[in-house]
Amino acid sequence: MNQVTEVLTTLFGFALIGAMAFEIKRRRKHLRELYNILDAEDKHVVAELDQMVASGLLQPFVAR
Amino acid sequence: MTEEDKPGITRRRVVSSRRLIQPKPTASGNHPASLANLPLRTDETSAQCSSPRFHFFLIDCGWDGPAPEVIRNNLEMITQFQNHDPLFILTREQSRQILKKHPHLIGKDPILLARDLQAGKTSGESEYHGFHLNLGLIRDPNQVLVALRKFLHLLATHRQSVDIEREVKAQLHRKGITGAIEVLRVSAEAMAG
């Protein structure tokens, strides 16, 4: 009976740790989607934005 | 094409200390108070902008949701806490054109993109550097504000750093053991609250 209890406790512990690891991984993935550094895909976007600034299509908004 | 959507329109603002207030959308779903109607602009910043660290860009197609409203109401904060680095606000039409060309961004706007102008100079690399905050991924207005605050806080506190990308990434992505503990702490708070 004791062995069964120990096995169940161990399994429960592993399941808990696994769930925590999964949750951490999921939240980190969400954070990477939310905030990130500019990557290769963004390079073209930034180039286009730079061009718009250089051509005067975009003017700075400055608040006080 | 509305006045707001015309390219080349400079949205100069009048100085105001009041908080920006956005009226509710009309029955057609349009926001009558678009970016063109937002107040503020002053000329005192030209000297301060002589050597900015970042160029900020706001890409917003005009989705009806909490994120656009929150960011419009807090535009002042972006410039105030970033040493008056220039903030360029794309019109809805300009934003839509950008997203049409780069469909991987659809659904993520409003996007606040911070282009680091000095990273390439210090590292000698010619690639573009900087960060983006995809506020359109958040549904809860309070979480939008929290994310914006956190983003601005980190950029402001690390703006003198040589390798700002590494530091910001480590903190925003909650890497390592400390980050994992932080994730669990926030999860526990969310469950409790």
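Quick note on labels: first sequence line is chain A, next is B, and so on, each numbered from 1. Keep in mind that this is a model prediction, so the values were computed, not measured.
- Here the closest heavy-atom approach between residue F56(B) and residue A114(B) is recorded as CE2-CB, 3.5 Å.
- Side-chain N or O atoms of S95(B) include one that pairs as donor or acceptor with a backbone N or O of D60(B) at under 3.5 Å.
- Of the listed residues D39(A), D42(A), I24(A), the one with more heavy-atom pairs under 4.5 angstrom with chain B than any other is I24(A).
- In this structure, R72(B) does not pair ionically with E69(B), as no charged nitrogen and carboxylate oxygen lie closer than 4.0 Å.
- Heavy atoms of E48(A) lying under 4.5 Å from chain B belong exclusively to its side chain.
- Using a 4.5 Å cut-off between heavy atoms, K101(B) touches chain A through its side chain atoms alone.
- The residue among H44(A), K29(A), K25(A), H30(A) with the most heavy atom pairs within less than 4.5 Å of chain B is H44(A).
- Side chain of N36(A) to main chain of E33(A): no donor-acceptor pair is present (N/O by atom type, distance under 3.5 Å, no hydrogens or angles).
- Within the 4.5 angstrom heavy-atom criterion, only side-chain atoms of H102(B), from C-beta onward, approach chain A.
- In this structure, the portions of A47(A) lying under 4.5 Å from any heavy atom of chain B include both its backbone and its side chain.
- Annotation: side-chain hydrogen bond (donor to acceptor under 3.5 Å, both in side chains) contacts of H153(B) (sequence neighbours excluded): none.
- At a 4.5 Å heavy-atom cutoff, the contact between L133(B) and chain A is made by backbone and side-chain atoms alike.
- Using a 4.5 Å cut-off between heavy atoms, I111(B) does not touch chain A at all.
- Looking at I138(B), the atoms closer than 4.5 Å to chain A (heavy atoms on both sides) all sit in the side chain, from C-beta outward.
- Smallest separation of non-hydrogen atoms from K150(B) and Y35(A): CD-OH, 3.5 Å.
- Aromatic rings of H55(B) and F88(B) (six-membered ring for Trp) have centroids within the 6.0 Å cut-off, being under it.
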